[in-house]
Amino acid sequence: QELLPLRGRAAALVALVVLRPGLRREQAASLLWASAADPRQNLRQQLLRFRQTLGTALLEGEDTLQLAAGVALLAPADGAELLAGEAAGSDEFGLWLAAQRQSLAQAQREPLRQALADAEAQGDLDTALRLAQSLLALDPQDEASHAALMQLHYLRGEPSAGLQAYQRLVAMLSAHWGTQPAAS
(Lines give C-alpha, C1' and ligand atoms only; values in the text may rest on other atoms or scores of the structure.)
Protein backbone atom coordinates (compact mmCIF):
# COMPACT_ATOMS: atom_id res chain seq x y z
CA GLN A 1 0.00 0.00 0.00
CA GLU A 2 1.29 3.42 -0.96
CA LEU A 3 0.72 6.36 1.36
CA LEU A 4 0.08 9.73 -0.23
CA PRO A 5 0.17 12.68 2.16
CA LEU A 6 -2.00 15.47 0.79
CA ARG A 7 -1.79 19.21 1.31
CA GLY A 8 -3.59 22.33 0.15
CA ARG A 9 -6.40 22.02 -2.35
CA ALA A 10 -5.62 18.34 -3.00
CA ALA A 11 -6.32 17.57 0.66
CA ALA A 12 -9.33 19.87 0.62
CA LEU A 13 -10.78 18.08 -2.40
CA VAL A 14 -10.50 14.66 -0.74
CA ALA A 15 -11.97 16.04 2.51
CA LEU A 16 -14.91 17.49 0.61
CA VAL A 17 -15.58 14.21 -1.18
CA VAL A 18 -15.43 12.20 2.04
CA LEU A 19 -17.40 14.60 4.23
CA ARG A 20 -20.03 15.53 1.64
CA PRO A 21 -21.19 12.27 0.06
CA GLY A 22 -22.81 12.85 -3.31
CA LEU A 23 -20.73 15.95 -3.99
CA ARG A 24 -21.17 16.97 -7.61
CA ARG A 25 -18.10 17.82 -9.65
CA GLU A 26 -19.39 21.35 -10.29
CA GLN A 27 -19.84 21.94 -6.56
CA ALA A 28 -16.32 20.73 -5.75
CA ALA A 29 -14.81 22.86 -8.48
CA SER A 30 -16.69 26.01 -7.50
CA LEU A 31 -15.96 25.54 -3.79
CA LEU A 32 -12.24 25.01 -4.21
CA TRP A 33 -11.43 27.19 -7.20
CA ALA A 34 -14.09 29.89 -6.98
CA SER A 35 -11.80 32.64 -8.27
CA ALA A 36 -10.35 30.59 -11.14
CA ALA A 37 -11.34 31.39 -14.72
CA ASP A 38 -12.35 27.74 -15.25
CA PRO A 39 -12.90 25.93 -11.93
CA ARG A 40 -13.81 22.63 -13.68
CA GLN A 41 -10.46 22.69 -15.51
CA ASN A 42 -8.67 23.05 -12.17
CA LEU A 43 -10.63 20.07 -10.86
CA ARG A 44 -9.73 17.98 -13.93
CA GLN A 45 -6.06 18.90 -13.50
CA GLN A 46 -6.11 17.89 -9.83
CA LEU A 47 -7.76 14.55 -10.65
CA LEU A 48 -5.13 13.98 -13.35
CA ARG A 49 -2.31 14.77 -10.88
CA PHE A 50 -3.74 12.17 -8.50
CA ARG A 51 -3.81 9.60 -11.32
CA GLN A 52 -0.27 10.43 -12.45
CA THR A 53 1.13 10.30 -8.92
CA LEU A 54 -0.55 7.02 -7.96
CA GLY A 55 -0.86 5.33 -11.31
CA THR A 56 -4.58 5.00 -10.60
CA ALA A 57 -7.48 7.27 -9.71
CA LEU A 58 -7.82 8.51 -6.13
CA LEU A 59 -11.30 9.90 -6.79
CA GLU A 60 -13.79 8.76 -9.37
CA GLY A 61 -17.23 9.52 -10.69
CA GLU A 62 -18.70 11.20 -13.72
CA ASP A 63 -21.37 13.35 -12.07
CA THR A 64 -20.59 12.95 -8.36
CA LEU A 65 -17.20 12.25 -6.82
CA GLN A 66 -16.29 9.48 -4.41
CA LEU A 67 -13.16 7.70 -3.29
CA ALA A 68 -11.99 5.23 -5.88
CA ALA A 69 -12.32 1.54 -5.07
CA GLY A 70 -9.49 0.33 -2.88
CA VAL A 71 -8.64 3.79 -1.52
CA ALA A 72 -8.58 4.15 2.25
CA LEU A 73 -7.89 7.17 4.40
CA LEU A 74 -5.86 7.16 7.58
CA ALA A 75 -7.73 8.59 10.54
CA PRO A 76 -6.20 11.79 11.88
CA ALA A 77 -4.60 11.82 15.29
CA ASP A 78 -6.90 12.75 18.16
CA GLY A 79 -7.13 16.50 18.41
CA ALA A 80 -5.80 17.05 14.90
CA GLU A 81 -7.49 19.90 13.11
CA LEU A 82 -9.24 19.15 9.84
CA LEU A 83 -7.04 20.38 6.99
CA ALA A 84 -4.57 21.94 9.41
CA GLY A 85 -2.75 24.79 7.75
CA GLU A 86 -5.61 25.52 5.35
CA ALA A 87 -7.14 28.92 6.10
CA ALA A 88 -10.86 29.01 6.76
CA GLY A 89 -11.58 32.21 4.87
CA SER A 90 -14.85 33.95 4.17
CA ASP A 91 -15.51 32.21 0.83
CA GLU A 92 -17.92 29.28 0.59
CA PHE A 93 -15.16 26.70 1.10
CA GLY A 94 -13.75 28.59 4.08
CA LEU A 95 -17.16 28.76 5.71
CA TRP A 96 -17.71 25.04 5.09
CA LEU A 97 -14.26 24.26 6.55
CA ALA A 98 -14.90 26.36 9.66
CA ALA A 99 -18.26 24.63 10.21
CA GLN A 100 -16.69 21.18 9.77
CA ARG A 101 -13.90 22.02 12.21
CA GLN A 102 -16.41 23.25 14.77
CA SER A 103 -18.58 20.16 14.34
CA LEU A 104 -15.62 17.79 14.70
CA ALA A 105 -14.34 19.62 17.77
CA GLN A 106 -17.79 19.44 19.36
CA ALA A 107 -18.01 15.72 18.64
CA GLN A 108 -14.61 15.26 20.27
CA ARG A 109 -15.50 17.28 23.39
CA GLU A 110 -19.00 15.92 24.01
CA PRO A 111 -17.97 12.46 25.31
CA LEU A 112 -15.48 14.14 27.67
CA ARG A 113 -18.18 16.48 28.97
CA GLN A 114 -20.49 13.54 29.60
CA ALA A 115 -17.75 11.56 31.33
CA LEU A 116 -16.94 14.62 33.45
CA ALA A 117 -20.59 14.98 34.51
CA ASP A 118 -20.77 11.25 35.30
CA ALA A 119 -17.55 11.29 37.34
CA GLU A 120 -18.69 14.33 39.27
CA ALA A 121 -22.12 12.78 39.94
CA GLN A 122 -20.41 9.65 41.22
CA GLY A 123 -18.13 11.69 43.47
CA ASP A 124 -14.99 10.65 41.58
CA LEU A 125 -13.42 14.08 41.76
CA ASP A 126 -9.93 12.90 40.74
CA THR A 127 -11.26 11.53 37.46
CA ALA A 128 -13.49 14.59 36.99
CA LEU A 129 -10.48 16.87 37.47
CA ARG A 130 -8.45 14.97 34.85
CA LEU A 131 -11.38 15.16 32.42
CA ALA A 132 -11.79 18.91 32.99
CA GLN A 133 -8.08 19.36 32.31
CA SER A 134 -8.42 17.29 29.12
CA LEU A 135 -11.29 19.49 27.96
CA LEU A 136 -9.19 22.58 28.56
CA ALA A 137 -6.32 21.05 26.59
CA LEU A 138 -8.68 20.55 23.63
CA ASP A 139 -10.00 24.11 23.78
CA PRO A 140 -8.09 26.44 26.11
CA GLN A 141 -10.54 29.26 25.30
CA ASP A 142 -13.69 27.41 26.42
CA GLU A 143 -15.02 29.32 29.40
CA ALA A 144 -17.29 26.44 30.48
CA SER A 145 -14.28 24.13 30.84
CA HIS A 146 -12.52 26.73 32.98
CA ALA A 147 -15.64 27.01 35.14
CA ALA A 148 -15.79 23.22 35.54
CA LEU A 149 -12.15 23.17 36.63
CA MET A 150 -12.75 25.93 39.19
CA GLN A 151 -15.79 24.11 40.57
CA LEU A 152 -13.87 20.87 40.89
CA HIS A 153 -11.08 22.57 42.82
CA TYR A 154 -13.74 24.02 45.14
CA LEU A 155 -15.36 20.60 45.63
CA ARG A 156 -11.95 19.05 46.32
CA GLY A 157 -11.28 21.69 49.01
CA GLU A 158 -8.57 23.42 46.96
CA PRO A 159 -9.58 27.09 47.01
CA SER A 160 -6.14 28.39 46.00
CA ALA A 161 -6.06 26.09 42.95
CA GLY A 162 -9.57 27.28 42.06
CA LEU A 163 -8.46 30.91 42.38
CA GLN A 164 -5.44 30.21 40.14
CA ALA A 165 -7.74 28.63 37.54
CA TYR A 166 -9.95 31.73 37.71
CA GLN A 167 -6.95 34.03 37.28
CA ARG A 168 -5.83 32.04 34.21
CA LEU A 169 -9.33 32.40 32.75
CA VAL A 170 -9.36 36.17 33.39
CA ALA A 171 -5.92 36.56 31.77
CA MET A 172 -6.91 34.46 28.74
CA LEU A 173 -10.19 36.33 28.17
CA SER A 174 -8.50 39.70 28.59
CA ALA A 175 -5.64 38.81 26.22
CA HIS A 176 -7.83 37.31 23.50
CA TRP A 177 -11.02 39.34 23.62
CA GLY A 178 -10.55 42.14 26.12
CA THR A 179 -13.44 40.79 28.22
CA GLN A 180 -14.10 39.39 31.67
CA PRO A 181 -15.66 36.02 32.60
CA ALA A 182 -19.42 35.76 32.32
CA ALA A 183 -21.39 35.85 35.55
CA SER A 184 -22.68 32.41 36.42
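Note: hydrogens, waters and symmetry copies are ignored here, and every other heavy atom, side chains too, is used. Each residue takes its place number in the sequence, starting with 1.
- A distance-only check finds a donor-acceptor pair linking the side chain of Thr53 to the backbone of Arg49 [under 3.5 Å].
- Around the CD atom of Gln102, the shell of radius 6.0 Å holds no more than 12 heavy atoms that belong to other residues, nucleotides or ligands.
- When the side chains of ILVMFWY residues are joined at heavy-atom separations under 4.5 Å, either directly or via intervening members, Leu136 and Met172 end up in two distinct hydrophobic clusters.
- Applying the ring-ring contact (aromatic ring centres under 6.0 Å, His included) test to pairs two or more places apart or on separate chains, none has a residue in residues 120-149.
- Every salt bridge (charged side-chain N to carboxylate O under 4.0 Å, His left out) that Arg24 has, sequence neighbours left out, goes to Glu26, Asp63.
- The main-chain N or O of Ala28 is never found under 3.5 Å from a side-chain atom of Arg20 such that the two would form a donor-acceptor pair.
- Residues that satisfy the side-chain hydrogen bond (donor to acceptor under 3.5 Å, both in side chains) test with Asp124, not counting sequence neighbours, are Thr127.
- Between the Arg101 side chain and the Trp96 main chain, no donor and acceptor come within less than 3.5 Å of each other.
- Applying the ring-ring contact (aromatic ring centres under 6.0 Å, His included) test to residues at least two apart or on different chains, none of the pairs has a partner in residues 12-34.
- Within the structure, no pair that satisfies the ring-ring contact (aromatic ring centres under 6.0 Å, His included) test touches residues 105-138, not counting sequence neighbours.
- A search for side-chain hydrogen bond (donor to acceptor under 3.5 Å, both in side chains) contacts involving Asp142 returns Arg113, Ser145, not counting sequence neighbours.
- Leu169 and Leu135 fall into different hydrophobic clusters, where Ile, Leu, Val, Met, Phe, Trp and Tyr residues are linked whenever their side-chain heavy atoms come under 4.5 Å apart, directly or through other members.
- No continuous path of ILVMFWY side-chain contacts below 4.5 Å connects Leu48 to Leu59, so the two sit in separate hydrophobic clusters.
- For the pair Glu60 (side chain) and Leu65 (backbone), a donor-acceptor distance under 3.5 Å is absent.
- Using a 4.5 Å heavy-atom cutoff, the side chains of Pro181 and Glu143 are in contact.
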